[in-house]
Every structure is written in C-alpha cells, then in structure tokens.
Amino acid sequence: MNLHEYQAKELFRQFGVAVPRGIKATSPKEAVDAAKELGGSIWVVKAQVHAGGRGKAGGVKLARSLQEVEDIAGQLLGSRLATKQTGPEGLPIHALLIEEGLNIVNELYLSVLVDRSSKRIAFVGSSEGGMDIEEVAESTPEKILTVTVDPTAGFQAYEARQMGFGMGLAKPQVDHLVKVMHGLYDMFVAKDASLVEINPLIVTGEGKLLALDAKVGLDDNALYRHKDLAEMRDSTQEDERENMAHEIGLNYVALDGNIGCMVNGAGLAMATMDMVKLHGGEPANFLDVGGGATAERVAKAFKLILSSDKVRAIFVNIFGGIVRCDLIAEGIIAAVKEVGLTIPVVVRLQGTNVEAGRKMLSESGMNIIAADDLTEAAKAAVAAAK
Ligand code: ADP
Ligand code: MG
C-alpha cells in the first residue's frame with residue numbers, strides 16, 4: 001500500500017525528518033486558506049496522486065499570489081494527472097498539498113529499501129537528486145551510493161556520515177543528514193515500510209536539509225498491526241479490479257494485454273502468462289484463484305476478468321488437484337449466466353473430475369475452445385484474441 005505525499009510527510013515529522021511547512025486542501029477555498037495560513041509570497045501547489053513525475057506532468061506548480069493558488073487548485077482538483085509512471089489514463093486528483101515555496105540550493109536523492117541480496121535495510125543516496133534516479137544509475141552508476149545497515153547493531157551515525165560525505169555535503173549538512181537517516185530508519189522499522197523515497201532531499205539557502213518530496217510504500221502483510229496506517233488507504237489511486245480482487249481475497253494483478261487469465265496456483269499462473277507471451281499474446285492479468293477455490297469464488301474471478309473491456313479472450317488453465325474441475329466448470333457457467341459472454345474462452349482442464357468438468361462446459365452452449373495441452377491452449381488463446 002502506498003501513502004500520499006502529505007501522509008508520508010506527516011510520518012516524517014513524527015520521526016524528526018524535516019519537511020517543508022504544508023497544509024492539505026481539497027477545494028480551491030481550502031487551498032487559499034492554507035496559503036494564507038502558511039504566509040509568505042510563494043507557494044507550491046502539489047497534486048496528491050500515487051505516482052512520481054508529477055512536476056514534469058504539470059502536477060506541481062508554483063503560485064506567486066493567492067489568486068494563482070486558487071486558479072491552479074481549481075484546474076487540478078477533479079482532473080486526472082497522467083505522469084510517466086501512471087499510463088495515459090492517469091490518476092484522479094482529489095487532494096492537494098499547499099507548501100511554502102523554498103529556496104533550493106542543492107537537490108539530492110535518498111531512499112530506504114529492503115535489500116534482498118544482503119537481507120538488510122539499505123539506504124541508497126545520490127548527489128544527483130530531482131531527476132530520474134534510474135537514469136542516473138544507468139549513465140553515472142558511480143554517483144549512486146549504498147549503505148546497508150547491520151540489523152543487530154542498528155543504524156549508526158557513521159553510516160550517515162559516509163553517505164553525506166559521499167554525496168559531497170558540507171559538515172553542517174552531514175550533521176543534518178545523520179538525523180534524517182536516523183529518523184527514516186526508525187520509521188522504516190516501526191511502520192513496516194517496504195520503500196521510502198525522497199527525491200529530492202534539498203539543501204535550502206539557509207543551509208537546512210529538507211525532504212521536499214516523500215514517497216512511502218508499506219508492507220501489506222504487516223498492515224494488520226498498523227490500523228492507523230491502513231485507514232490512510234486511498235483506493236481511488238489503485239486499480240479498480242485489483243481492489244475488487246482484494247475484497248474477494250483473490251491474488252490478482254492488472255496487466256496491459258488483452259488475454260484474461262484464470263489459473264490456479266501462482267506458479268502455474270506465471271507459466272501460463274509466459275506461454276501466452278511466447279506465442280505472441282499479451283496477458284490482461286495475473287490471477288491465481290487459489291487451491292481451495294469454490295464455484296462461487298471461480299464465478300467472482302470470472303466476472304472480474306470479464307469486467308475489463310480490454311479483454312478479447314479468456315484463457316482458463318486449471319490443474320485440479322485440491323480444487324475439482326467440475327466446481328471450476330460450475331463457477332464459470334454461473335458467472336456467464338449472470339453477466340453474459342461475448343468473447344471466446346479457451347479452457348484447459350486437467351486433474352480431479354476433469355471428465356465431468358469438460359462435459360458440463362461442452363453442454364453449456366458457451367463458445368468454448370477446449371484444449372488438452374498447454375502449448376495448444378496458449379496458441380488457441382492468442383489466436384482467439386486476434
Ligand atoms: P515529483 O517527483 O512527483 O515530480 P516533487 O515533489 O519532487 O514531485 O516536485 C517536483 C519539483 O518541484 C521538485 O524537484 C522541486 O524542484 C519543485 N518543488 C516541489 N516542492 C517545492 C517547494 N515546496 N518549494 C520549491 N520547489 C518545490
Ligand atoms: Mg520527486
């Protein structure tokens with residue numbers, strides 16, 4: 001689960017990581033009130049969406065008067081913002097963060113993540129902040145610094161000094177960085193975060209170090225022990241079908257293709273997607289209906305796939321081990337009865353009660369292409385989607 005920038009910055013404050021003064025607004029009037037309360041003469045109006053690259057996409061704007069704050073807020077609120085990270089349809093803007101405009105002298109990059117190879121929490125930093133960090137890593141990898149933290153010793157100040165001097169900071173800013181990294185480490189552990197990214201971390205004209213941007217990703221599997229954080233979820237920023245799947249308890253990931261996949265078992269689901277791609281198709285989703293799938297769950301899963309207008313064909317690939325093939329067939333037939341079916345379905349069933357399942361499907365009157373083997377089934381699905 002991701003947090004909005006204004007939520008992430010609130011967490012930063014709690015852990016002593018300095019951020020600009022800012023107030024959340026959900027209407028142009030609130031935006032103006034926020035600017036008045038902040039005072040000064042330059043404000044930054046920032047669209048709150050779960051994506052980076054907002055600046056380049058027109059979602060972060062400088063305002064030099066209260067009138068401009070109001071105008072920009074009016075333009076942004078209620079519209080959608082498409083950035084490099086969102087895809088063309090973009091994300092809806094329901095909230096803004098109004099911040100004091102700061103005098104930026106230097107833009108740095110700092111993130112915290114779980115480094116799976118060292119099995120430790122790691123900080124990644126760079127003097128080249130404010131831009132695409134992937135690009136920096138590609139063209140000037142020597143400018144990416146990594147510091148891993150020993151979990152038994154915990155975070156140590158020397159690790160931050162190593163990072164700070166490596167970034168080329170002067171002594172006073174290195175001292176600030178020690179505090180920033182300490183706070184981030186404590187927060188990362190206490191809140192079960194999976195990623196914290198500050199791009200840019202800035203040095204202001206007054207020599208202060210501030211987190212100008214804030215991205216926080218939380219570990220979904222630990223949310224049960226952070227009720228306050230779980231309540232911050234903004235489902236308008238998430239994929240609609242992924243949310244539906246989450247409610248039903250299905251493992252579903254939306255993808256860009258047009259072949260809907262319904263599979264049991266994550267491994268088989270991945271192999272199915274590989275086969276689709278191998279034969280020139282593009283999966284519309286990853287879906288693992290699980291080992292103990294009931295007819296009802298299968299029906300819900302099938303409806304979920306059908307609810308996307310991108311889907312041109314459905315590929316059902318079920319190995320009936322724990323789950324029985326006749327139950328799968330029952331679920332599919334129930335879903336189709338309810339929502340109708342206008343696209344071809346390729347079905348590969350194997351395992352327990354397979355004969356009964358196939359019979360039910362062939363007698364259902366649906367447009368079903370039966371296949372025995374995985375290659376044959378994948379080819380049929382790709383052809384059916386064309
Ligand atoms: P994103 O990464 O989504 O584009 P950022 O929060 O990093 O959004 O903002 C983009 C750019 O806007 C920053 O790199 C910075 O130059 C400028 N900016 C953002 N907030 C402020 C602020 N409070 N004062 C001055 N400039 C800002
Ligand atoms: Mg940024």
Side-chain angles (χ1 to χ4, degrees), residues 2-13 17-25 31-32 34-66 68-69 72-73 75-77 79-87 90-113 124-137 143-144 167 180 184 195-217 234 237:
N2 293 322
L3 296 182
H4 278 299
E5 177 192 9
Y6 75 90
Q7 296 165 328
K9 284 182 169 170
E10 190 48 51
L11 272 187
F12 281 13
R13 276 191 201 100
V17 177
V19 295
R21 290 164 55 240
I23 299 171
K24 177 197 169 195
V32 173
K36 279 186 192 155
E37 196 176 326
L38 292 168
S41 56
I42 296 186
W43 301 272
V44 179
V45 180
K46 308 182 81 175
Q48 298 299 286
V49 293
H50 283 185
R54 296 166 302 165
K56 279 189 189 132
V60 176
K61 287 192 167 146
L62 205 68
R64 297 177 187 278
S65 67
L66 293 175
E68 269 184 46
V69 170
I72 295 167
Q75 283 161 23
L76 290 177
L77 284 167
S79 71
R80 295 179 77 89
L81 185 68
T83 82
K84 230 175 98 181
Q85 297 182 1
T86 62
L91 289 168
I93 307 172
H94 298 304
L96 304 170
L97 178 62
I98 313 300
E99 275 188 346
E100 57 179 340
L102 290 167
N103 173 15
I104 304 171
V105 175
N106 193 0
E107 298 197 336
L108 313 161
Y109 174 92
L110 185 66
S111 64
V112 197
L113 44 89
V124 176
S126 176
S127 56
E128 309 301 299
M131 51 177 110
D132 225 336
I133 198 65
E134 286 83 3
E135 231 169 86
V136 178
K143 290 192 172 153
I144 303 280
M167 283 173 167
V180 167
L184 289 176
L195 174 76
V196 176
E197 188 180 53
I198 304 175
N199 191 17
L201 175 73
I202 61 157
V203 181
T204 66
E206 299 78 45
K208 281 199 255 169
L209 206 61
L210 290 177
L212 199 68
D213 194 1
K215 185 183 263 182
V216 170
D234 180 355
Q237 301 292 313

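Since the model is a prediction, treat every value here as computed from it, not as a measurement. In listed order, ligands and their atoms are each counted from 1.
- If you number the atoms of ligand 1 from 1 as listed, the ones under 4.0 Å from a heavy atom of Glu100 come out as 22 (C), 23 (N), 24 (N).
- In this comparison of Leu102, Val49, Val60, the heavy atom closest to atom 12 (O) of ligand 1 sits on Val60.
- Within the 4.5 Å cutoff, side-chain heavy atoms of His50 are placed close to those of His4.
- Proximity of a side-chain donor or acceptor of Arg80 to a complementary backbone N or O of Gly90 within less than 3.5 Å is detected.
- Lys24 and Glu10 are not joined by a salt bridge, as no carboxylate oxygen comes within less than 4.0 angstrom of a charged side-chain nitrogen.
- Residue contacts with ligand 1: Lys56 is placed with no nitrogen or oxygen under 3.5 Å of a nitrogen or oxygen of the ligand (distance criterion only).
- Of all atoms in ligand 1, listed by their number and element, those nearer than 4.0 Å to a heavy atom of Gly101 are 24 (N).
- For the pair Asp213/Arg54, a side-chain contact is recorded, criterion being any heavy-atom separation below 4.5 Å from C-beta on.
- When only non-hydrogen protein atoms are considered, atom 2 (O) of ligand 1 lies nearest to Asp213 OD2, 3.0 Å.
- Val49 has its side chain out of reach of Thr86: every pair of non-hydrogen atoms, C-beta onward, lies at least 4.5 Å apart.
- Closest to atom 6 (O) of ligand 1 among all protein heavy atoms lies Lys46 NZ, 2.7 Å.
- For ligand 1, one of its N or O atoms has an N or O atom of Gly55 under 3.5 Å away.
- For ligand 1, the atoms sitting less than 4.0 Å from at least one non-hydrogen atom of Gly52 are 3 (O), numbered in the order shown with element in parentheses.
- Among all non-hydrogen protein atoms, the one lying nearest atom 15 (C) of ligand 1 is Leu212 CD2, 3.6 Å.
- Gln48 places a side-chain N or O within donor-acceptor distance of the main-chain N or O of Tyr6, the cut-off being under 3.5 Å.
- Remark: the backbone N or O of Gly52 is paired with a side-chain donor or acceptor of Gln85 at under 3.5 angstrom.
- Proximity of atom 19 (C) of ligand 1 to the protein is indicated by at least one non-hydrogen atom lying closer than 4.0 angstrom.
- Residues Leu184 and Ile198 form a side-chain contact, since some pair of their non-hydrogen atoms from C-beta on lies under 4.5 Å apart.
- To the nearest 0.5 Å, atoms OG (Ser41) and CD (Glu100) are separated by 11.5 Å.
- Backbone and side-chain nitrogen or oxygen atoms of Gly53 are examined, and one is located within less than 3.5 angstrom of a nitrogen or oxygen of ligand 1.
- Annotation: side chain of Tyr109 is not in contact with side chain of Ile144 (no heavy-atom distance under 4.5 Å).
- Listed by atom number, the atoms of ligand 1 under 4.0 Å from Arg54 heavy atoms are 1 (P), 3 (O), 4 (O), 5 (P), 6 (O), 8 (O).
- Formation of a donor-acceptor pair under 3.5 Å by the Ser126 side chain with backbone atoms of Gly129 is not found in this model.
- Closest heavy-atom approach to atom 26 (N) of ligand 1 within the set Ile104, Leu210, Ile198: this belongs to Ile104.
- For atom 22 (C) of ligand 1, the closest non-hydrogen atom of the protein is Val44 CG2, 3.4 Å.
- Applying the 4.0 Å criterion to heavy atoms of Pro200 picks out, from ligand 1, the atoms 7 (O), 14 (O).
- Between the Glu128 side chain and the Val136 main chain, no donor and acceptor come within less than 3.5 Å of each other.
- Nearest protein heavy-atom neighbour of atom 14 (O) of ligand 1: Glu107 OE2, 3.5 Å.
- Among protein atoms, those of element N, O or S found less than 2.8 Å away from the Mg ion (ligand 2) are Asn199 O, Asp213 OD2.
- Residues Leu66 and Trp43 meet the side-chain proximity criterion, which asks for heavy atoms closer than 4.5 Å.
- The backbone N or O of Gly130 lies less than 3.5 Å from a partner atom in the side chain of Asn199, making a donor-acceptor pair.
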